K.L.:
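Got a structure here, written out as structure tokens. Questions coming.
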Amino acid sequence: MRLNVSVKAGLSLAAAMSALLIPAAGSASATSGSGSVAAASGSGGSVSVAAAGSFDSKCRSHSRTYVLKKYYRQVPVGPPTFYTLRCGTKTWGWKHIKLRHGWNSTMDRKISAAIGTGSPNGRGGYSTYLNQCPRVEKFRTILGTPGGRNDLLTAYKVDQPAVAGVSAC
């Protein structure tokens, strides 16, 4: 009988410890792993992707300046620079991108690639290009919003030659 009591005590102790170690659904620890803020990686990309539904619910319950996600760019010296995706409005940020250009995991990956390893585009952001001559821009991000200069204003797919004046191949 004594063994049964110590097994019960051990199980209840284990349950209490797991409750302390496993974050609750609404806690900051739980949301950081679900894509609301991605960790820096060596390639400059984000670690996880958040679904449009979770961003939708976060933006419904927070202001336009609420940070949904951080995208990282490795700089030659020092820590990585980060750029934030805020809820925004119909003219900038996540709400604008979702409304005008669509939001899905592909859009999220393209933004991450453009900011993480893309080339400056002369429009206050970063772009990715096809590997050909002349260079053809594939995807563009533009930074700078009423919320902050390191915030994502918009991001979209483009298929046009690079800006005039760029050196020939």
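Predicted model only: the values in this text are computed from it and were never measured. Basis for what follows: all heavy atoms, side chains included, without hydrogens, waters or symmetry-related copies.
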K.L.:
Are P146 and W92 packed together at the side-chain level, in the sense that at least one heavy-atom pair is separated by less than 4.5 angstrom?
P.N.:
yes
K.L.:
Without swapping roles, check the side chain of R135 against the backbone of Y129 for a donor-acceptor pair under 3.5 Å.
P.N.:
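Judged by distance alone, no pair lies under 3.5 Å.
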K.L.:
Between F139 and S127, is the side chain to side chain contact (heavy atoms under 4.5 Å, CB included) condition met? List the steps.
P.N.:
CA-CA 5 Å; F139 190 81; S127 295; over 6 Å; no
K.L.:
Can you find a heavy atom in the side chain of V158 that is under 4.5 Å from one in the side chain of K138?
P.N.:
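Result no, sub-4.5 Å side-chain heavy-atom pair not found.
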K.L.:
State which residues pass ring-ring contact (aromatic ring centres under 6.0 Å, His included) with H101; sequence neighbours excluded, sorted by chain then number.
P.N.:
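For H101, the residues satisfying ring-ring contact (aromatic ring centres under 6.0 Å, His included) (neighbours in sequence not counted) are H96, Y156.
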K.L.:
I142 and L152: side chain to side chain contact (heavy atoms under 4.5 Å, CB included), yes or no, with the steps?
P.N.:
CA-CA 6 Å; I142 298 177; L152 189 60; over 6 Å; no
K.L.:
Identify the two heavy atoms, one from A155 and one from T141, that lie closest to each other, and give their separation to 0.1 Å.
P.N.:
CB-CG2, 4.1 Å
K.L.:
At what distance, to the nearest 0.5 angstrom, does SG of C87 lie from NE2 of H62?
P.N.:
8.0 Å
K.L.:
Distance-only criterion, 3.5 Å: show the donor-acceptor pairs between side-chain atoms of residues 76-84 and protein atoms not counting sequence neighbours.
P.N.:
unit_1	atom_1	unit_2	atom_2	d
Y83	OH	Y126	OH	3.2
T84	OG1	D151	OD1	2.2

K.L.:
Counting N and O atoms only, with roles assigned by atom type, does the side chain of R64 sit under 3.5 Å from a partner on the main chain of G88, one being a donor and the other an acceptor?
P.N.:
no
K.L.:
Working note: R140 + R123, criterion side chain to side chain contact (heavy atoms under 4.5 Å, CB included); need CA distance, chi angles, decisive distance, verdict.
P.N.:
CA-CA 9 Å; R140 177 183 298 160; R123 304 221 25 217; 2.8 Å; yes
K.L.:
Heavy atoms only: give me the nearest N104-T106 pair and the separation to one decimal.
P.N.:
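Smallest heavy-atom distance, with atoms named: OD1-N, 3.0 Å.
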K.L.:
For residues 90-101, which residue pairs pass the salt bridge (charged side-chain N to carboxylate O under 4.0 Å, His left out) check, not counting sequence neighbours?
P.N.:
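Residue pairs passing salt bridge (charged side-chain N to carboxylate O under 4.0 Å, His left out), neighbours aside: D56-K98.
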K.L.:
Decide whether L99 and L85 are clustered together by the hydrophobic rule: side chain heavy atoms of Ile, Leu, Val, Met, Phe, Trp, Tyr closer than 4.5 Å, transitively.
P.N.:
no
K.L.:
State which residues pass side-chain hydrogen bond (donor to acceptor under 3.5 Å, both in side chains) with S57; sequence neighbours excluded, sorted by chain then number.
P.N.:
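For S57 there are no side-chain hydrogen bond (donor to acceptor under 3.5 Å, both in side chains) partners, ignoring immediate neighbours.
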K.L.:
Among pairs that include at least one residue of residues 88-128, which meet disulfide (SG to SG under 2.5 Å), considering only residues two or more places apart or in two chains?
P.N.:
none
K.L.:
How would you list, by chain and number, every residue that makes a side-chain hydrogen bond (donor to acceptor under 3.5 Å, both in side chains) with S61, sequence neighbours excluded?
P.N.:
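Checked S61 against side-chain hydrogen bond (donor to acceptor under 3.5 Å, both in side chains); zero matches.
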K.L.:
Between G102 and M107, what is the shortest heavy-atom contact and its length?
P.N.:
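It is O-CE, 3.4 Å.
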K.L.:
Give a yes or no on whether the backbone of D108 and the side-chain of S112 come within a donor-acceptor separation of less than 3.5 Å.
P.N.:
no
K.L.:
Aromatic rings W94 and W103: how do their planes relate, parallel, tilted or perpendicular, breaks at 30° and 60°?
P.N.:
perpendicular
K.L.:
For Y72 and I115, what are the C-alpha separation, side-chain angles and deciding distance, and is it a side chain to side chain contact (heavy atoms under 4.5 Å, CB included)?
P.N.:
CA-CA 7 Å; Y72 291 87; I115 290 175; over 6 Å; no
K.L.:
Out of curiosity, N121 CG to E137 CD, how far, rounded to the nearest 0.5 Å?
P.N.:
6.0 Å
